[in-house]
Every structure is written in structure tokens, then in C-alpha cells.
Amino acid sequence: MPKVSKFRDERDEKSVKARLRRSKANFRERNRMSSLNRALDNLREKVPLNPTLATMDLDQNHNQKLSKIETLRLAYNYISALGQSLSWGRRLHFEEMIYILSRGLSQTTVNLLRSRLRFDLDQHLAQSVSSTMLHHM
DNA sequence: TAGGCCATCTGGTCCT
DNA sequence: AGGACCAGATGGCCTA
């Protein structure tokens with residue numbers, strides 16, 4: 001067998017091995033990012049704009065996912081708000097809550113947050129009123 | 001249409 | 001040596 005082709009074979013083999021290594025690394029990277037995204041989805045479920053609690057009639061953005069960065073910011077703000085509530089020893093008022101939760105978020109998300117929290121508050125009030133009425137019946 | 005967001009690829013670095 | 005983690009580059013999609 002001539003030398004030239006032997007060298008070419010070695011080079012080809014090396015590049016085949018390199019490509020194989022790369023494609024395995026890409027596969028692992030995709031898995032790693034996908035597990036990171038699953039963790040982020042779990043976090044989304046825990047923040048006040050929880051997508052599974054979204055209400056159809058609230059607005060047309062109900063099915064729009066919170067972005068990664070906004071999910072992290074909102075989660076951070078939410079923890080701060082809970083901490084604040086704990087240190088004051090009382091529930092936060094609507095505007096106090098909105099103020100803390102909105103830090104660093106886009107105007108769109110803040111608007112969404114406002115309507116969602118207002119909706120939840122109304123639901124909560126309606127529930128309290130009806131249970132009070134039942135109690136007096 | 002510019003800008004934001006995302007998934008993917010890639011090469012570098014560190015760790016086991 | 002091979003895997004995990006990371007940040008930069010790139011291209012596609014969507015929306016204000």
C-alpha cells in the first residue's frame with residue numbers, strides 16, 4: 001500500500017473520530033440544556049404568573065410563557081416580597097406587592113402581573129364574601 | 001423592521 | 001480520555 005494513501009487514511013480516521021466526539025458532545029449539551037429548561041419550567045409553576053393557573057378570559061397572552069430571564073427575576077422578587085411580608089408580620093397590600101414583584105420586569109409582564117393579581121384578589125374577596133354569607137344563613 | 005428570546009453548535013477550561 | 005459546564009456565535013421566530 002502506497003504511503004500517501006496510508007497518511008490520508010489516518011487523517012480521515014482522525015477527522016471521523018473528531019466528528020464523532022463532537023456529535024456526542026452536542027448530544028450531551030442538548031440534554032443538559034433541556035434539563036436546565038425543565039428546571040426553569042418547574043420554577044415557572046411556582047411564581048405568581050404561573051402559566052397553568054392562567055385564565056382564558058384574563059387576556060390573550062395567557063398562553064405566552066414567561067421568558068427565562070423574567071422567570072428568574074420574578075422568582076427573586078417573589079422571595080423578596082415573602083421575606084418582606086414576614087419581617088413586617090402582615091400581608092402586603094396590593095400596591096406594595098406589585099412594587100416589589102415588578103422590579104426589573106418588562107412593562108408587558110408588569111401589566112400582566114397587575115391584572116392577574118387583581119383577578120386573584122377579586123376571586124379571593126368573592127370567596128370570602130360568599131363564605132361569610134353562608135356563615136350568616 | 002429592529003430587538004428580544006431561544007435552541008443549537010462550538011471550543012475552551014476544569015474535574016474525575 | 002471523556003464528561004460537565006460555560007460563554008460566544010449564529011440563525012430562526014416572534015412581537016412591539
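In what follows, chains are A, B, ... by sequence order, proteins preceding strands, each numbered from 1. Just so we're clear, the structure is a prediction, and the values are computed from it rather than from any experiment.
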*asked:* Is there a continuous path of hydrophobic side-chain contacts, each under 4.5 Å between heavy atoms, that joins A:Leu92 to A:Ile79?
replied: no
*Does A:Arg103 have any salt bridge (charged side-chain N to carboxylate O under 4.0 Å, His left out) partners at least two apart in sequence or in another chain, and if so, which?*
none
*Can you list the residues that meet the salt bridge (charged side-chain N to carboxylate O under 4.0 Å, His left out) rule with A:Arg90, with sequence neighbours excluded?*
A:Glu96
_Exercise: do A:Ser23 and A:Arg19 side chains pair donor with acceptor under 3.5 Å_ = no
*asked:* Measure CG/A:Leu112 against P/C:dT15 and give the value in whole Å, please.
replied: 14 Å
_Selection: residues 26-40 of chain A, any non-hydrogen atom under 4.0 Å of DNA chain B_ = A:Asn26, A:Glu29, A:Arg30, A:Asn37
_Rounded distance in Å - CD (A:Gln107) to P (C:dT15)_ = 19 Å
*Can you see which heavy atom on A:Ser85 is nearest to which on A:Arg91, and at what distance?*
OG-CA, 4.1 Å
*Tell me, please, the opening and closing nucleotides of DNA chain B, 5' to 3', among those with an atom under 4.0 angstrom from a non-hydrogen atom of chain A.*
B:dC5 to B:dG11
*asked:* Please give me every residue in residues 69-76 of chain A whose heavy atoms get under 4.0 Å of an atom in DNA chain C, ordered by residue number.
replied: none
*asked:* Run A:Arg38 and A:Ser34 through side chain to side chain contact (heavy atoms under 4.5 Å, CB included) and show every step you take.
replied: CA-CA 6 Å; A:Arg38 279 198 300 278; A:Ser34 127; 3.0 Å; yes
*Can you check the A:Lys17 NZ to C:dG2 C1' distance for me, whole Å?*
14 Å
*Could you give the NZ-to-P distance, from A:Lys65 to C:dT15, as a whole number of Å?*
14 Å
*Got a second to check how far A:Ser102's OG is from A:Arg73's CZ, nearest 0.5 Å?*
12.5 Å
_Membership question, hydrophobic clusters at under 4.5 Å side-chain separation (ILVMFWY): are A:Leu43 and A:Leu49 in the same one?_
no
_Could you tell me if the side chain of A:Val47 sits less than 4.5 Å from the side chain of A:Asn77, heavy atoms only?_
no
*Excluding sequence neighbours, so at least two apart, what forms salt bridge (charged side-chain N to carboxylate O under 4.0 Å, His left out) with A:Arg30?*
none
